[in-house]
Amino acid sequence: MTREIDKAAVVTAVNEAYTQYVKTAEGENASYIPYLKNIPPSLFGIAVCMADGERIEVGDTGYRFGIESVSKVPTAVLAMKQHGPQTVMRKIGADATGLPFNSIMAILLENDHPSTPLVNAGAITACSMIAPTGNSDAKWLAIKGFVEALCGFSVEVIDELYRSESATNFNNRSIAWLLKNYGRVYDDPDLSLDIYTRQCSIGITAAQLAVMAATIAADGRNPVTGCEVFPADIAPRIVSLMATVGFYERTGDWMFRTGLPAKSGVGGGIMGVAPGIMGIAAFAPPLDAAGNSVKAQKAVSYIAQRLGLNVYGSQRVTLRKPATVVA
Ligand code: GLN
């Protein structure tokens, strides 16, 4: 069964989601990273980028916030592009941990691999794998350049966030060295951790995240710039990882409610991928207890349901092409 949607339907869904949740005041900003604690909690933006490059935005979609764990997605894709999905599977894995994003117990329970590139341990391993190894600046340029290609804009680290996070990331330091103990970090552990901390500190907007998600939805071709950013066979792999662990120990709840693979970050961003159809991003700083933005979850969930984007349903949504005018 297929159902066509057009741009007008998406505009309606995005505006309704914004109006419905703009006043929601549940959740708390992340406080374990001092910078994030002080971001105005009422910021709220929703952006959609369709697989044909059409963009729809409402609210604070130009505000630069910390990308945080959403950055695990581009680095996982880059690791698969450089080494192939099978090597990433062998060296990191593709399993849910069912535990918080920064869990050390998850590493102890699965000491043969770090489970998935979408939790801290696997993301630090993914950073360690990015070529070239042993050269922090060149590795960083590879990661930053890849984020830029995915979202079609240049991005920069938010220095204050990077300093704030570097000064307080004791748990992540333990993870990096525990991975070293298990032979699961493929570059210097401190260098790999620093690259991970830098990628989490990238400033990004909801508008940019929507384009990144749309590039994944469009099988690796950025629909705004037209550039082929990664091979198409990687797209279903990264989408499956997002569906497996995008909201950590709350991922099952999320997929049950929405059926839309998505990834969250403690900066308040969420990026959802409707394969072949669109990327959706939402941003609002206050989080639930698992570190997922309350308002962004509600907004993305509303849009997914309103437009019928559940990937597990029998209904296939397609984009209606604009009518061609015959002179
Ligand atoms: N930089 C954060 C951390 O490592 C990212 C966590 C997140 O967004 N869930 O703790």
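The first residue of the sequence shown is numbered 1, and numbering continues consecutively from there. In listed order, ligands and their atoms are each counted from 1.
Looking only at atom types and distance, the side chain of Gln305 has a donor-acceptor partner in the side chain of Ser301 under 3.5 Å away. Under the 3.5 Å distance criterion, with hydrogens and angles disregarded, a donor-acceptor pair is assigned to the side chains of Tyr248 and Ser69. There is a side-chain donor-acceptor pair under 3.5 Å between Tyr302 and Glu16. Side-chain contact check for Asn292 and Trp254: no donor-acceptor pair (N or O, by modelled atom type) lies under 3.5 Å.
Protein heavy atom in closest approach to atom 2 (C) of ligand 1: Glu68 OE1, 3.2 Å. Nearest non-hydrogen protein atom to atom 1 (N) of ligand 1 is Glu165 OE2, 2.2 Å. Of the protein's non-hydrogen atoms, Tyr32 OH, 2.7 Å is the one closest to atom 10 (O) of ligand 1.
Set against the non-hydrogen atoms of Cys200, the atoms of ligand 1 under 4.0 Å away are 1 (N). Close approach of ligand 1 to Gly265 (heavy-atom distance below 4.0 Å) involves ligand atoms 8 (O). Interface of Tyr196 with ligand 1, defined as ligand atoms under 4.0 Å from a residue heavy atom, comprises 1 (N), 2 (C), 3 (C), 4 (O), 5 (C).
Assignment of Asn102 to the shell around ligand 1 is not supported, since no heavy atom sits closer than 4.0 Å.
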Checklist entry - What's the verdict on side-chain hydrogen bond (donor to acceptor under 3.5 Å, both in side chains) for Asp194 and Tyr162, showing C-alpha distance, side-chain angles and the deciding distance? => result CA-CA 9 Å; Asp194 180 61; Tyr162 172 62; 2.4 Å; yes
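Scanning all heavy atoms of the two residues, the minimum distance from Ala289 to Arg250 falls at CB-NH2, 4.0 Å.
Residue contacts with ligand 1, taken as heavy atom pairs separated by less than 4.0 Å, involve Val266 via backbone and side-chain atoms alike. Residue contacts with ligand 1, taken as heavy atom pairs separated by less than 4.0 Å, involve Ser69 via backbone and side-chain atoms alike. The side chain of Asn172, and not its backbone, has at least one atom closer than 4.0 Å to an atom of ligand 1 (non-hydrogen atoms only; side chain from C-beta on).
In this structure, CZ in Arg320 is found 8.5 Å from OG1 in Thr318, a value given to the nearest 0.5 Å.
Checked against a 6.0 Å centroid threshold, the rings of Phe283 and Tyr63 count as neighbours.
Considering backbone and side-chain N/O of Tyr248, one or more are found under 3.5 Å from N/O of ligand 1.
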